[in-house]
Amino acid sequence: MAKLSLEKLIESLSQGELRAFSLSIKGNSNPNYYKLFNEIRSGKPSNTGRKSNNETQLRKYLYNHILESIIKGSKTIDSQIAKGLKHAEVLHNRQLDSEAWKEIERVEKIAALHERFGYTIQILEWKKIIGIRLKSFTTKDYKQISKKEKQTIKQYLNYLEAADVYNELQIRKKKQGYIRDQEKLPDLSGFQNITSTEQVPKRTLYYQRMAEAIRSCLMQDIQGQYEVTKLIVKDAEVIIEANECMHAYLEHLTSCICIGKFEELLSTLSKLKSDIKKGKFGTTSDIRVKLFYYAANYELMTYTYMGDQPNLLIKIREVEMGLKKLTDSLSVEMKLVISSALKMAYYFSGNVKRAKKAIEHIRVNAKHQVRQDISQDVFFFNLLLCTDENNVDEMEATLHTIKINCQLNMPQYKFEKEMFAIFSDFAVDKLNKSQLYSALISSYQKIVPSLSTGVSYTENYYPYYLWAYANQLGKPVLKVAEKLYLDNFKN
């Protein structure tokens, strides 16, 4: 049963927020509020049907009371500035302008330190309003504030441009995954050299760099993407914003898996887990969900590509438990991405039954998501199972599905197009299994770019190469992956 907004809000509360709200609600004259709160916390099923007017009002009051409690206890930069502006407004309205001026100068320092240009513009407007009523305030002061306001507006526009491009590219990445697409990508030539920090506010530079990293990802400039994200993480210590710092780490994890830096990925993830445990990025449930999502996906892939079966089996169990625990917090897309990593981990570790269940889960739910790479990959991966099980009927059905649903003529799907042709020939006995494996390996090495070590690698196609190469050698996939890792990837 889908959870209602009130239930979701209560579930999102941290332990500290739960304690604070419990204490505040206990003192309410109406005991029904506290009773309803505890019933929801205990997991008592809620009636999702039509509610009486009294019950609706009760739930509405509790919902708003929780929001007010969260806002009151919030210590984020934005909430501190917003509260300061509210205090200044109240003081000004009560003719306490000296006190209002002190308050507005206090929050101005916070806004400047954290490069909150939008708030700074509001603060400067308030300084003009309050200053007019102060005897010490001169025409020169007014003009200086107006000049600073205009400068801040320019800074704000530059920041918005960088943030807008970053968000636009994030949407493109979300829809297409890590598939090359050179068409209609934003032009970043107007951004300053991303390695330079001269006269560029830190948050603006951060978004410029993040936009460049995602653009490099979409263009499949993996080395460029890695160098930019490493630079961002290196500077993350001076990024004051916890949320932005965390996103920098997450983007670097993506770069590491894309370029085969498996040990660096695991060490970066270990540091991120440690920082989150220490509360560096806050204690909200959203932080925990993000960490689980990235750790589940990338650790499953990393341990598979390293051929580390003991750690892979441990991680599989952790992910299975996490999916059950966080099922209501994870989006459909998040679950599908994790299922995609699980299907590979299951199959290459020998659990064919669970691999098939993961594949079926993705196929059934693919219509609810927008990631082209996930839905497309599951069809091709299913061809591996069909080959191993000699299931001709299922292979023909899968090939038919690919032909109808996958846009193989687009230039970014060159490897998929060749795989489709190879498996199609195999399905009509034009190739035997040995020739199939050789053809896949040859196609992979021809199309996939090489790393500095000389080995061809890209994270989304590597499983097909591992499978074909292992079958050609007559060895388990993870054993072959381990040997390739030691020869080509290990630092």
Handout entry: Check against side chain to side chain contact (heavy atoms under 4.5 Å, CB included), Tyr461 and Glu416
Key = CA-CA 9 Å; Tyr461 298 151; Glu416 286 89 343; 2.8 Å; yes
Practice task
Consider only side-chain N and O atoms of Gln151 and Gln155, and report whether a donor and an acceptor are under 3.5 Å apart.
Solution key: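 No donor-acceptor contact under 3.5 Å links the two side chains.
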Is [Y] close to [X] at the side-chain level, that is, under 4.5 Å between some pair of heavy atoms?
X      : Y      : value
Tyr226 : Glu264 : yes
Tyr249 : Thr229 : no
Pro201 : Phe117 : yes
Ser5   : Tyr63  : yes
Gln225 : Asp221 : no
Ile222 : Thr458 : no
Gln376 : Tyr413 : yes
Thr254 : Leu250 : no

Practice task
Check step by step if side chain to side chain contact (heavy atoms under 4.5 Å, CB included) holds for Val200 and Asn158.
Solution key: CA-CA 9 Å; Val200 181; Asn158 290 334; over 6 Å; no
Counting N and O atoms only, with roles assigned by atom type, does the side chain of [X] sit under 3.5 Å from a partner on the main chain of [Y], one being a donor and the other an acceptor?
X      : Y      : answer
Ser146 : Tyr142 : yes
Asn167 : Ala163 : yes
Glu115 : Lys202 : yes
Tyr298 : Ile257 : no
Thr304 : Leu300 : yes
Arg59  : Leu36  : no
Ser349 : Ala345 : yes

What's the spacing between [X] [atom1] and [Y] [atom2] if we round to 0.5 Å?
X      : Y      : atom1 : atom2 : value
His92  : Leu85  : NE2   : CG    : 13.0 Å
Leu323 : Met321 : CG    : CE    : 10.5 Å
Ser329 : Met334 : OG    : CE    : 9.5 Å
Glu333 : Ile338 : CD    : CD1   : 10.5 Å
Lys127 : Gln144 : NZ    : CD    : 9.5 Å
Ile359 : Phe379 : CD1   : CZ    : 11.0 Å

Write down the atom of [X], the atom of [Y], and the distance for their closest heavy-atom approach.
X      : Y      : answer
Met344 : Pro463 : SD-CG, 3.4 Å
Tyr485 : Glu263 : OH-OE2, 3.1 Å
Ala248 : Ile232 : CB-CG2, 3.3 Å
Ala88  : Ala100 : O-CB, 3.6 Å
Met246 : Leu272 : CG-CD1, 4.3 Å
Thr120 : Ala112 : OG1-N, 4.4 Å

Exercise for the section: For the pair Arg106 and Glu103, evaluate salt bridge (Lys or Arg N to Asp or Glu O under 4.0 Å) and give the outcome as yes or no after the intermediate values. Expected result: CA-CA 5 Å; Arg106 183 185 69 82; Glu103 184 67 16; 2.6 Å; yes
[X] with [Y]: basic N within carboxylate O range, under 4.0 Å:
X      : Y      : answer
Glu320 : Arg354 : yes
Glu108 : Lys148 : yes
Glu212 : Arg215 : no

Exercise for the section: Step through the shown structure and confirm whether more than 12 heavy atoms of other residues, nucleotides or ligands are within 6.0 Å of NZ on Lys230. Expected result: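 Counting other residues, nucleotides and ligands, NZ of Lys230 stays at 12 neighbours or fewer.
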Handout entry: CA sep, side-chain torsions, deciding dist, call: Gln208, Val165, side chain to side chain contact (heavy atoms under 4.5 Å, CB included)
Key = CA-CA 8 Å; Gln208 288 180 352; Val165 171; over 6 Å; no
Test salt bridge (charged side-chain N to carboxylate O under 4.0 Å, His left out) applied to [X] - qualifying residues, sequence neighbours left out:
X      : value
Asp308 : none
Glu149 : Lys128
Lys343 : Asp377
Asp78  : Arg116

Exercise for the section: Kindly determine whether Ser255 and Lys261 satisfy side-chain hydrogen bond (donor to acceptor under 3.5 Å, both in side chains), including the steps that lead there. Expected result: CA-CA 8 Å; Ser255 296; Lys261 299 280 186 180; over 6 Å; no
Problem - Candidate list His252, Gln170, Lys290, test side-chain hydrogen bond (donor to acceptor under 3.5 Å, both in side chains), partner His247, passing option - result: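 Exactly one pass, corresponding to Lys290.
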Handout entry: Pairing residues for Ser69 by the side-chain contact (heavy atoms from CB on, under 4.5 Å) criterion, not counting sequence neighbours
Key =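 By the side-chain contact (heavy atoms from CB on, under 4.5 Å) rule, Ser69 matches Phe21.
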Practice task
Return the set of residues passing side-chain contact (heavy atoms from CB on, under 4.5 Å) with Ala295 (not counting sequence neighbours), or none when no residue passes.
Solution key: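 Only Leu269, Lys273, Glu299, Lys315 meet the side-chain contact (heavy atoms from CB on, under 4.5 Å) criterion with Ala295.
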Problem - Ring-ring centroid check Tyr159 Tyr207, cutoff 6.0 Å - result: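 Centroid distance Tyr159-Tyr207: below 6.0 Å, so yes.
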Practice task
Determine, using ring centers only, whether Tyr457 and Phe489 are less than 6.0 Å apart.
Solution key: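 Yes, the ring centres sit under 6.0 Å apart.
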Problem - Worked verdict on Trp101 versus Leu91 for side chain to side chain contact (heavy atoms under 4.5 Å, CB included) - result: CA-CA 9 Å; Trp101 184 265; Leu91 291 167; over 6 Å; no
Handout entry: Matching residue for Leu124 among Thr152, Ile129, Ile104 - test: side chain to side chain contact (heavy atoms under 4.5 Å, CB included)
Key =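 Going through Thr152, Ile129, Ile104 one by one, the side chain to side chain contact (heavy atoms under 4.5 Å, CB included) with Leu124 is satisfied by Thr152 alone.
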